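Just below is one structure, and these are the notes that go with it.
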Amino acid sequence: MNANAPALSGLARRLVNDGVLNEELATQTLKQCAKNKRPFVQELVETETLEASLIAAAASDEFGTPILDLDCFSLEASPKDLVDPKLIKKHQTLPLYRRGNRLFVAAADPTNLHALDEIKFNTGINTDAVLVEADKLNIAIEKFLNAQEESLGDALGGLDEEALEDLDIQAVDGDAPKEDEASEADEAPIVRFINKVLLDAIKSGASDIHFEPYEKSYRVRFRTDGILNEVTKPPTNLSTRLAARLKVMSQMDISERRVPQDGRIKMKISKSRAIDFRVNTLPTLFGEKIVLRILDPSSAKLGIDALGYEDDQKKLYLDALHQPQGMILVTGPTGSGKTVSLYTGLNILNTPERNISTAEDPVEINLEGINQVQINTRVGLTFAESLRSFLRQDPDIVMVGEIRDLETAEIGIKAAQTGHLVLSTLHTNSAPETLTRLLNMGVPAFNVATTVSLIIAQRLARRLCKACKRPADDIPDEILKQEGFDDIGIPRKDFELFHPVGCSQCTNGYKGRVGVYEVVRITPKISSLIMEGGNALQIAKQAKEEGFNNLRISALRKAAIGLTSLEEANRVTKD
């Protein structure tokens, strides 16, 4: 044997000892591997020196590792966008599944520790090898990478990885940062990383992106279907540069790290589609936390039928929208879909015959044909001041982003009393509490009773995945009774509940969201109760007697028709 020949060890030595490969050929193959910079097993298979099944059997005997048959494994379950495609191609490894903080990758040579270490460094996750046959692995890798490219292209109008740096990204307003301040943030790796995160968020249907620095780690999370999920953990030392890049994109003051800042980004991802991001920075103990709210104009044009209103609730909303005057109030916590409900109503009303003006903080979605005003309290442009100006401009319909104080409430009430339709929001938990909140603000009971025409309280529940949901036959009737299903107006024999399961097409058994609504029209009896000083409980009782479903009943009805689960109904409506 040549003194300069590589020493045989590991899998090569096992193959020689088993008599399936002679020592001279093994040595030559190892030399060729070093020259071509590719794995030993891959060289054997591609040169047709040995069959992949023989190599896998020898490796299994040598290392006591069972062989996984990739033909029986669904690639749809493989974690997407976790391992860089370049590493997959370089080391001929394929991510199979993740269990907690351990990633299991398919490999034809489990002794390739360099590959495992590089994947671990790249992902920040402990990595273990699963033995597979090399020929099947090559086919699976090709399918996996092709599927990734196709899904990204479909979601983003044909945009591929090569186009990441060429995206048309621009700030909506603000002063551009100085060139020397922005240089560090414009490094190519940082630019590509941020662009990819933004694209992945759009592709996954996320509503918010959180960039969060901590003492010993940094994480990026997406809020998808109302739930935050960690998607990546870039190196902690990139914290400052990531924040700088996002601030450059939204044209904030890159040198100011002590106070919160607001900005906007517009990303044009195709000729016909652009996405806006509302950006906010917050100084924290270990750097600036940055949150981006994704504002997709198409969400305001879904139409009322797509929002999840029941037939009677939809009719109540449409009837109120077509009244010449009055006030429609939408209420719920942050992230409950109030803005989409309001914009859907404005889209219905947006015709050339109507003059529509809105005062918002911030303006989230731009709508053609509607006069939108961005509130700026620093210069005195408040909700109340905007409303006063609207009333001098011959409006038909006025939308106020939020009623926060008595002055705004009084001007809105006055507008509704003088022939205008007023739409607005309040932060309360239910429709009856909205009425008592106005009274507590100081609005006279007579004005509330005669002006407010409709109140919509709402939540967003995660929608069950149609592909994997399973019947919930394990819930006893006694439990259903305790939960309140006797009050939903659907006989037990006519509905079926489902549990979430989870598959490659969804997130933990859910895909998308559906609105849960309490729509209450202010009837003469409810008006009388307001005039008499009735509290929220009394108003709620009267609304129930008149057939207006509260949020709890509406959520249970969504569960009964299979749109969501009982667990999710409890999450969004149960105290």
Side-chain angles (χ1 to χ4, degrees), residues 76-77 79-80 155 200-210 220-231 291 293-296 298-300 302-310 313 330-341 344 429-430 456-475 479-480 483-485 488 490 495-519 549-575:
E76 293 181 354
K80 309 295 188 295
D200 285 349
I202 295 168
K203 181 179 70 172
S204 67
S207 61
D208 300 87
I209 311 170
H210 293 240
V220 180
R221 294 191 290 172
F222 293 168
R223 186 178 293 278
T224 308
D225 298 335
I227 304 296
L228 279 169
N229 298 287
E230 184 178 300
V231 293
V291 176
R293 167 66 58 89
I294 301 174
L295 309 172
D296 188 350
S298 62
S299 65
L302 292 173
I304 194 168
D305 292 325
L307 299 186
Y309 285 96
E310 295 180 30
Q313 295 175 332
V330 182
T331 182
T334 301
S336 61
K338 299 188 298 295
T339 300
V340 172
S341 284
T344 300
N429 291 322
S430 67
I456 301 172
Q458 66 181 79
R459 303 289 188 274
L460 288 177
R462 288 180 291 172
R463 191 188 293 263
L464 280 168
C465 173
K466 294 179 182 178
C468 67
K469 67 181 182 180
R470 65 173 177 84
D473 300 326
D474 55 342
I475 305 178
I479 297 296
L480 297 181
E483 294 288 354
F485 280 93
I488 67 173
I490 304 176
F495 69 81
E496 183 177 20
L497 300 178
F498 292 87
H499 283 314
V501 177
C503 67
S504 61
Q505 300 179 34
C506 65
T507 304
N508 300 324
Y510 298 98
K511 186 176 183 180
R513 289 192 286 180
V514 62
V516 175
Y517 302 95
E518 175 184 21
V519 182
N549 290 335
N550 60 25
L551 283 167
R552 177 63 180 168
I553 291 177
S554 294
L556 293 179
R557 286 178 65 89
K558 291 288 191 301
I561 61 176
L563 283 178
T564 190
S565 64
L566 176 58
E567 298 94 322
E568 185 67 4
N570 286 338
R571 185 183 73 86
V572 298
T573 63
K574 200 167 187 178
D575 295 333

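Atom set for the values below is all heavy atoms of this structure, side chains included, hydrogens, waters and symmetry mates excluded. As the structure is a computational prediction, the values presented were derived from the model and not from experiment.
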Measure the CG-CG distance between N229 and N508 for me, rounded to the nearest 0.5 Å.
-> 6.5 Å

4.5 Å side-chain heavy-atom contact, D200 and V231 | no

What pairs with I479 under side chain to side chain contact (heavy atoms under 4.5 Å, CB included), at least two apart in sequence or on another chain?
-> I475, P476, Q482, E483

Quick one: does Y517's side chain have a donor or acceptor within less than 3.5 Å of a partner on L307's backbone?
-> yes

Mind checking the NZ-SG spacing from K511 to C506? Nearest 0.5 Å is all I need.
-> 8.0 Å

Please tell me if the side chains of V572 and R552 come closer than 4.5 Å, counting only heavy atoms from C-beta onward.
-> no

Answer yes or no: is there a donor N or O on one side and an acceptor on the other, between the side chain of S204 and the main chain of A201, under 3.5 Å?
-> yes

Counting distance only, does the side-chain N/O of K558 pair as donor-acceptor with the main-chain N or O of A461 below 3.5 Å?
-> no

With the side chain counted from C-beta on, respond yes when R221 and E230 share a heavy-atom pair under 4.5 Å apart, and no when they do not.
-> yes

Which heavy atom of I304 sits nearest a heavy atom of Y309, and at what distance?
-> CG1-CD1, 3.9 Å

Can you name the closest pair of heavy atoms from N429 and L551 and give their distance?
-> O-CD1, 3.5 Å

Residue pair S554 / Q313, side-chain heavy-atom distance below 4.5 Å | yes

Would you name the heavy atoms of V330 and S341 that are closest together and state the gap between them?
-> CG1-CB, 4.4 Å

Please round to the nearest 0.5 Å and tell me the distance separating atom OG1 of T331 and atom NZ of K338.
-> 7.0 Å

Work out which heavy atom in T564 is nearest to a heavy atom in A555; give both atom names and the distance.
-> CG2-O, 4.3 Å

Of all residues at least two apart in sequence or in a different chain, which pass the side chain to side chain contact (heavy atoms under 4.5 Å, CB included) check with S504?
-> E76

S430 and E518, any side-chain heavy atoms less than 4.5 Å apart | yes

Measure the CZ-CD distance between R459 and E568 for me, rounded to the nearest 0.5 Å.
-> 12.5 Å

Do S565 and L497 come within less than 4.5 Å of each other through their side chains, counting heavy atoms only?
-> no

Interatomic spacing from CZ in F222 to CG in D208 - rounded to 0.5 Å | 11.0 Å

Test item: Q458 side-chain N/O and G337 main-chain N/O as donor-acceptor pair under 3.5 Å | yes

Is there side-chain contact between F498 and K466, with heavy atoms separated by less than 4.5 Å?
-> no

How about D225 and L460: do any of their side-chain heavy atoms sit closer than 4.5 Å?
-> no

With rounding to the nearest 0.5 Å, note down the distance linking CG in N549 to CZ in R557.
-> 6.0 Å

Any chance you could lay out the side chain to side chain contact (heavy atoms under 4.5 Å, CB included) test for E496 and D473, step after step, and finish with the verdict?
-> CA-CA 8 Å; E496 183 177 20; D473 300 326; 4.3 Å; yes

